[in-house]
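Presented below is the structure to which this report refers.
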Amino acid sequence: MFESLSQRLSGVLDSLRGQGRLTEDQINSAARELRMALLEADVALPVIKGFVDAVKAKALGAEITQSLTPGQAFLRLVQQTLTDTLGGEVVPLNLRAQPPAILLMAGLQGAGKTTTVGKLAKLLKEREKKSVLVVSCDVYRPAAIEQLRIVAGQVGVEFFPSEVGQSPQAIARAAVEQAKKTYADVLIVDTAGRTTVDEDMMVELAGLHAALDPVETLFVVDAMTGQDAAKTARAFADRVPLTGVVLTKADGDSRGGAALSVRQVTGAPIKYIGVGEKSDKLEVFHPDRIAARILG
Ligand code: GDP
């Protein structure tokens, strides 16, 4: 998304060298370029406004050190603000709970929930040496339950069977009992998603949240959905207290707009990014690295 931002900024700023500070005119020109770049990256409009205003406020009165051109100075401010907006620090998964630590997955159908359950289970099992139980509460699609069974088998974690016709909350409660009985450290609960935000889905999700009291409620969102990612994020964040975000399909998204929007809209830290379909394609989200990468 920001691939050309460095060039754009040198274009408008570096012709005006020699001052110790950026002038208001310079900042306004640079802010225009920044706004365009964010628009092209499909960042949600209200997020763009807040972001550009924050950069402008910092740029006004900022000293430009001798070694930097005005373009570099502005770019550095953008990078810092971008890192801050993306959360600043890495926020690890929270497993601090009386076992089993319950992770509830939420998101639209096709966002990558089931795939992410597999990736997380693998990561927790292999890196954290946790015993993991997974369960699907998608009572509408037998194929979804079967998909999770297969994924669990592939990564070698326990799968708690569920059936269409059971109530999602009854499945979830039974899975918690099973996790306790088998001394599982972590229980990951996959949920049903619809293709668009819908009231029934939200009611069901809120009910599951209340029944499970999870230590993490992770919103899974497809990075490639751009502006829509922000709208979906708002709809979920309004109904359940999200504790983290997993941004999937980041491998197919060169623009990066969804990361910025979703973080801003939900206020929840992005904890992981999905970078491929395979079970090992999950990376910890580093705000500074992502900021540097998207700035190019
Ligand atoms: P769910 O309906 O939310 O459970 O979504 P699925 O887990 O079934 O994923 C939907 C599709 O997205 C599948 O084809 C996955 O292989 C694919 N997918 C999920 N995560 C990623 C990712 O990080 N990168 C890529 N390229 N594909 C992904």
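Atoms within a ligand are numbered from 1 in the order they appear, just like the ligands themselves.
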### Query
At the 4.0 Å heavy-atom cut-off, does L108 count as touching ligand 1?
yes
### Task
Would you mind checking which non-hydrogen protein atom is closest to atom 28 (C) of ligand 1, with the distance to 0.1 Å?
K249 CG, 3.7 Å
### Query
Would you say the side-chain atoms of T266 pair up with the backbone N or O of A233, donor to acceptor, closer than 3.5 Å?
no
### Closest protein heavy atom to atom 7 (O) of ligand 1, given as residue, atom name and distance to 0.1 Å
T115 OG1, 2.5 Å
### Query
Taking the side chain as C-beta and beyond, is there a heavy-atom pair between F159 and V151 under 4.5 Å?
no
### Task
Of the side chain and backbone of V275, name the one, both, or neither that has a heavy atom under 4.0 Å from an atom of ligand 1.
backbone
### Residue and atom name of the nearest protein heavy atom (relative to atom 5 (O) of ligand 1), distance in Å to one decimal
G112 N, 3.0 Å
### Summary
of all protein heavy atoms, closest to atom 24 (N) of ligand 1 is D251 OD1, 2.8 Å
### Summary
ligand 1 atoms nearer than 4.0 angstrom to some heavy atom of G274 are 23 (O)
#### Entry: Donor-acceptor contact present, side-chain E283 to main-chain Y272, <3.5 Å
no
### Query
Hey, does T114 come in under 3.5 Å of ligand 1, counting only N/O atoms on both sides?
yes
### Query
Which protein non-hydrogen atom lies closest to atom 2 (O) of ligand 1, naming both residue and atom, and how far is it?
G110 N, 2.7 Å
### Polar side-chain atom of T191 near backbone of M105 as donor-acceptor pair, under 3.5 Å
yes
### Check: K281 N/O within less than 3.5 Å of ligand 1 N/O
no
### Task
Do me a favour and list the nearest non-hydrogen protein atom to atom 3 (O) of ligand 1 with residue, atom name and distance?
K113 N, 2.7 Å
### Message
I'd like to know if G252 contacts ligand 1, where contact means a heavy-atom distance under 4.0 Å to any ligand atom.
### Response
no
### Message
Is any side-chain heavy atom of M202 closer than 4.5 Å to one of F236?
### Response
yes
### Query
Applying a strict 4.0 Å limit to heavy atoms, is A111 in contact with ligand 1?
yes
### Query
Going by atom types alone, do N28 and E24 pair a side-chain donor with an acceptor below 3.5 Å?
no
### Message
Taking ring pair (Phe, Tyr, Trp, His ring centres under 6.0 Å) as the definition, give me every residue that meets it alongside F160, ordered by chain and number, with sequence neighbours left out.
### Response
none
### Message
Tell me whether the count of non-hydrogen atoms from other residues, nucleotides or ligands lying under 6.0 Å of CD in Q109 goes above 12.
### Response
yes
Enumerate, atom names and distances included, each donor-acceptor pair closer than 3.5 Å involving a side-chain atom of residues 85-96, sequence neighbours excluded.
{"unit_1": "T85", "atom_1": "OG1", "unit_2": "T81", "atom_2": "O", "d": "2.6"}
{"unit_1": "N94", "atom_1": "OD1", "unit_2": "R96", "atom_2": "N", "d": "2.8"}

### Task
Have a look at Q147, E277, Q109, K119 and point out the one with the heavy atom closest to atom 27 (N) of ligand 1.
E277
### Task
Consider every N or O of G276 and every N or O of ligand 1, then say whether any pair is closer than 3.5 Å.
yes
### Query
Below 4.0 Å from any atom of ligand 1, is there a heavy atom belonging to G107?
no
### Query
Among side-chain atoms of E204 and Y140, is any donor-acceptor pair under 3.5 angstrom?
yes
